[in-house]
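None of these values were measured; they are calculated from a predicted model.
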Amino acid sequence: MYGAPVPRWALLLCLSSACASAVPALSGGSTTPKARTDLAVGGAARVPTGALRDPEGVALHEAADAGGIVPVAVFRRGLSRRLDLGVMVAGAVGRLELRGEVGTREGSTRPTWVWAAAPYVGGIPDRDGSGRGVRFGLDAPFVRAIDFGGVYDLWVGPRVGLEGVRGRFRGAREDKSQGWQLSLRAGAVVGLAAGFRRVHALIELTVAWEQQWGELQGTDLGRGGLVLLPAFGLRVRI
């Protein structure tokens, strides 16, 4: 009874934002330790700028590139001291993560490099008859991460990603046709976590240039612009 409003709120949030493609990294200061589990909940937003902000009346842009806020949930399980496997759900997108560490120096202050290979897939729901489709991609952050005695985490580094969209969308002729879009993102991510022992609050910001190519009913959909992906969360380690 008391838990019912939570998924209802998440669904309404997802639909109101057109399930924006807002997928954070939330790297943290390390991978999840062996035989431990990290659980996190929070939210993320996609803030397009420049040419990406104006859909130009193209339904594929309106559906696939909408800005907005989505709920985020993360599950990660440590496979070894420097390797973990996880699942992230961000709005209508599901992402599988394999993360590892290199160049680690053990100590009360623990610097390391954290890499991730994270394929994802998600649906694009129909909004106001604009059409529907599917998005799929690969995200690859590589950050310098520092764990300060389990109290603070800091991470910063490059982040690149490739995303494709396919579906049937409303075009200039007002009927729905098969269309596609390919996006390449390259930028940087920075984040901070603070807490005590098992509970930490996280904030993160990705700033990336996104270049798009695509076609719908013979119309070239190429454009580019800066995208901001702020995110926040609460992480519990058990």
(message) Checking Thr32 against Asp38: is there a side-chain donor and acceptor pair closer than 3.5 Å?
(response)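 Checked: Asp38/Thr32 side chains pair up, N/O donor to acceptor below 3.5 Å.
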
(request) Answer with yes or no whether the side chains of Glu163 and Ser21 bring together a donor and an acceptor at under 3.5 Å. (result) yes

(message) Check this for me: Phe142, atom CZ, are more than 12 non-hydrogen atoms of other residues, nucleotides or ligands nearer than 6.0 Å?
(response)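 Enclosed: over 12 neighbouring heavy atoms sit under 6.0 Å from CZ of Phe142.
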
(request) Would you indicate whether Arg198, at its atom CZ, is surrounded by more than 12 heavy atoms from other residues, nucleotides or ligands within a distance under 6.0 Å? (result)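 Check fails, neighbour count at 12 or below.
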
Nearest-0.5 Å distance that lies between atom [atom1] in [X] and atom [atom2] in [Y]:
X      : Y      : atom1 : atom2 : answer
Thr49  : Leu226 : OG1   : CG    : 4.5 Å
Arg46  : Leu228 : CZ    : CG    : 10.0 Å
Thr206 : Leu26  : OG1   : CG    : 8.5 Å
Thr31  : Arg81  : OG1   : CZ    : 6.0 Å
Leu39  : Leu234 : CG    : CG    : 10.5 Å

(message) Minimum heavy-atom separation for Ala44 and Ala22, please, with both atom names.
(response)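 Smallest interatomic distance, heavy atoms only, reads CB-O, 3.7 Å.
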
(message) Glu204: which residues meet the salt bridge (charged side-chain N to carboxylate O under 4.0 Å, His left out) condition with it, sequence neighbours left out?
(response) none

Min side-chain heavy-atom separation [X]-[Y] under 4.5 Å:
X      : Y      : value
Arg166 : Gln178 : yes
Arg132 : Pro125 : no
Gln212 : Leu52  : yes
Ser183 : Gln211 : no
Val236 : Ile238 : yes
Val47  : Pro230 : yes

In plain terms, say whether [X] and [Y] are close enough for a salt bridge, that is, a side-chain N and a carboxylate O under 4.0 Å apart.
X      : Y      : result
Asp84  : Arg76  : no
Asp139 : Arg159 : yes
Arg82  : Glu106 : yes
Glu97  : Arg77  : no
Asp153 : Arg110 : no

(request) Sorted by first residue and then second, give each ring pair (Phe, Tyr, Trp, His ring centres under 6.0 Å) pair with at least one member in residues 179-228; sequence neighbours left out. (result)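 The answer is none; no pair qualifies.
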
Please determine whether residues [X] and [Y] belong to a single hydrophobic cluster, defined as Ile, Leu, Val, Met, Phe, Trp and Tyr linked transitively by side-chain heavy-atom distances below 4.5 Å.
X      : Y      : value
Val207 : Val227 : no
Trp113 : Leu98  : yes
Ile146 : Tyr152 : yes
Trp115 : Val87  : yes
Tyr120 : Met88  : yes

(message) Which residue in the set Ile124, Val121, Val165 passes side-chain contact (heavy atoms from CB on, under 4.5 Å) when paired with Val134?
(response) Val121

(message) Using modelled atom types and a 3.5 Å cut-off, is there a donor and acceptor pairing between side-chain atoms of Thr112 and backbone atoms of Val102?
(response) yes

